[in-house]
Amino acid sequence: METRTDQQGHPDLSGRRTGVELTQRDFDVLTLTHTFSQVASTHLSELLFADRSHSVPDKVLGRLVRLGYLSRVGRRAGGDRGGAGAFVYQLGRAGRLLLEVDGRLMPNVNNHALMVADTYLELRRAEKLGVLTLKEWSVELPVPPAVRADLFAAVDFPQQSRSSSYFLEIDMGTEQAARIREKVDGYWRAVEDSAEDYFPYVAFVVRQQSRRNELTRIFQRLPEEQQEMMRVLLFPELIPELMRL
């Protein structure tokens with residue numbers, strides 16, 4: 001079944017019959033949730049409800065949960081100050097039917113999916129400030145023949161009068177060195193198969209300096225031409241570090 005897209009390349013679902021009245025913003029919520037598999041209420045509020053009062057997202061998300069289009073997975077872990085974190089959502093059964101999504105509902109919060117969404121949100125925040133323009137982006141982008149990028153981003157930096165693109169690997173600090181080298185090998189195979197003059201940087205995004213140090217040591221043992229392709233970026237410094245690449 002062919003799905004129409006809007007000007008941003010997102011599915012245009014406004015013409016589908018659902019049995020209940022859904023707004024375009026409802027469809028945007030479902031589409032964004034599907035894109036990342038799980039999102040926190042904070043992602044949805046900032047990305048889709050920035051023009052509304054704080055009470056509106058809660059009402060909309062609550063209604064979509066009651067109708068079965070969204071499902072609450074649980075709460076995100078609280079920050080350093082403790083306390084309950086934001087609710088985490090995935091598509092509910094009705095939402096999966098509407099978007100024709102296969103597979104089962106996930107029983108637990110997926111912190112990796114949430115950090116992918118965090119990274120996308122940082123790019124959008126920088127765009128709102130005029131630091132960059134996000135020209136193209138994709139989650140779980142196939143990079144033939146062997147890997148998928150957690151998040152691909154092609155951006156313009158207007159203040160620097162340049163463009164760049166990145167394959168962003170969101171690293172939770174759980175994968176062993178052998179798995180990291182396997183990913184690097186997959187990207188290097190893509191480089192060798194590519195006919196393009198330019199291949200995007202492959203940047204592992206981490207939250208902690210200790211993990212950055214660990215990955216840096218792994219990459220320093222790679223052949224020199226592979227080292228040139230790889231970078232490790234701290235999430236709190238993501239945008240300034242991308243601007244320096």
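When a residue number appears, it is its place in the shown sequence, counting from 1.
Within the 4.5 Å cutoff, no side-chain heavy atoms of L222 are placed close to those of W188. Between N111 and M172, the closest side-chain pair of non-hydrogen atoms falls below 4.5 Å. Taking the side chain as every heavy atom from C-beta outward, L22 and F27 approach each other to under 4.5 Å. For the pair S163 and F157, the minimum side-chain heavy-atom distance is 4.5 Å or more. Contact check for P240 versus M243: no side-chain heavy atoms found under the 4.5 Å cut-off. Side-chain atoms of V205 and M115, non-hydrogen and from C-beta on, do get closer than 4.5 Å to each other. The side-chain heavy atoms of E46 and K128, taken from C-beta on, include no pair separated by under 4.5 Å.
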Legend entry - Verdict with supporting geometry, L151 and L123, side chain to side chain contact (heavy atoms under 4.5 Å, CB included): CA-CA 11 Å; L151 179 62; L123 293 170; 4.3 Å; yes
Inset, instruction - Assess whether side chain to side chain contact (heavy atoms under 4.5 Å, CB included) is satisfied between H43 and L114, documenting all intermediate values. - result: CA-CA 9 Å; H43 297 131; L114 297 181; 4.2 Å; yes
Legend entry - side chain to side chain contact (heavy atoms under 4.5 Å, CB included) assessment of L132 paired with D156: CA-CA 5 Å; L132 57 82; D156 285 336; over 6 Å; no
Legend entry - Stepwise side chain to side chain contact (heavy atoms under 4.5 Å, CB included) check, L134 with R124: CA-CA 7 Å; L134 186 57; R124 286 301 187 193; 3.7 Å; yes
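Remark: D150 pairs with H112 by the side chain to side chain donor-acceptor pair (under 3.5 Å) rule, at least two apart or across chains.
Follow the hydrophobic side-chain contacts under 4.5 Å out from Y166 and you reach Y120 in the same cluster. Put simply, L91 and L61 are part of the same group of oily side chains (I, L, V, M, F, W, Y) that touch within less than 4.5 Å, one to the next. Cluster annotation: L30 is connected to F49 through the hydrophobic network of ILVMFWY side chains, with a link wherever side-chain heavy atoms come within less than 4.5 Å. Cluster membership check: L70 shares its hydrophobic cluster with F87, using side-chain heavy-atom separations under 4.5 Å among Ile, Leu, Val, Met, Phe, Trp and Tyr. Under the 4.5 Å side-chain heavy-atom criterion for grouping Ile, Leu, Val, Met, Phe, Trp and Tyr, L238 is connected to V155 within one hydrophobic cluster.
Going from atom CZ of R72 over to atom CG of L64 covers 10.5 Å, rounded to the nearest 0.5 Å. Rounding to the nearest 0.5 angstrom, the gap separating the CG atom in N110 from the CD atom in Q38 is 5.0 Å. Atom CG of L121 sits about 5.0 Å away from atom CG of L47, to the nearest 0.5 Å. Atom-to-atom distance recorded for R104:CZ and M106:CE is 13.0 Å, nearest 0.5 angstrom. Interatomic distance, L67 CG to L98 CG, rounded to the nearest 0.5 Å: 11.5 Å. Annotation: the span from L44 atom CG to L32 atom CG amounts to 6.0 Å, rounded to 0.5 Å.
Here the shortest heavy-atom pairing between A190 and P144 reads CB-O, 3.3 Å. Considering every non-hydrogen atom in both V232 and L215, the closest pair reads CG2-CB, 3.8 Å. Nearest approach of A146 to R189, heavy atoms of both residues: CB-NH1, 3.7 Å. Annotation for A203 and L233: closest pair CB-CD1, 3.8 Å, computed over non-hydrogen atoms. Taking every heavy atom of both residues into account, R244 and R162 meet most closely at N-NH2, 4.3 Å. Scanning all heavy atoms of the two residues, the minimum distance from F219 to V184 falls at CE2-CG2, 3.7 Å.
One N or O on the side chain of T23 and one on the backbone of D26 form a donor-acceptor pair closer than 3.5 Å. Formation of a donor-acceptor pair under 3.5 Å by the T33 side chain with backbone atoms of V29 is found in this model. Of the possible polar contacts, one joining the S194 side chain to the E196 backbone as a donor-acceptor pair under 3.5 Å is found. In this structure a side-chain-to-backbone donor-acceptor pair under 3.5 Å is present from R96 to G103. Without hydrogens or angle criteria, R148 side chain to L141 main chain gives no donor-acceptor distance under 3.5 Å. Side chain of E127 to backbone of T133: no donor-acceptor contact under 3.5 angstrom is found. Formation of a donor-acceptor pair under 3.5 Å by the R211 side chain with backbone atoms of V206 is not found in this model.
Side-chain contact annotation: Y187 with E169, donor-acceptor N/O pair under 3.5 Å present. Under 3.5 Å, the side chains of Y198 and S164 contain a donor-acceptor pair of N or O atoms. Using modelled atom types, one finds no donor on one side chain facing an acceptor on the other under 3.5 Å when comparing D28 with T31.
Within 6.0 Å of CZ on R63 lie more than 12 heavy atoms contributed by other residues, nucleotides or ligands. More than 12 heavy atoms of other residues, nucleotides or ligands lie within 6.0 Å of CD in Q227, so this atom counts as buried by the packing criterion. Shown here is D51, whose CG atom has more than 12 heavy atoms of other residues, nucleotides or ligands within 6.0 Å. By the 6.0 Å contact criterion, NZ on K135 is enclosed, its count of non-hydrogen atoms from other residues, nucleotides or ligands being greater than 12. Annotation: Q176, atom CD; neighbour count of heavy atoms from other residues, nucleotides and ligands within 6.0 Å does not exceed 12.
A salt bridge between E241 and R231 is absent, with no side-chain N of the basic residue lying under 4.0 Å from a carboxylate O of the acidic one. No salt bridge links R179 with D171; every basic N to acidic carboxylate O contact stays at or beyond 4.0 Å. Salt-bridge annotation for R125 and E122: present, with a side-chain N of the basic residue lying under 4.0 Å from a carboxylate O of the acidic one. Under the 4.0 Å criterion applied to side-chain N and carboxylate O atoms, D118 and R76 are assigned as salt-bridge partners.
Taking the six-membered ring for Trp, W137 and F152 have ring centres at least 6.0 Å apart.
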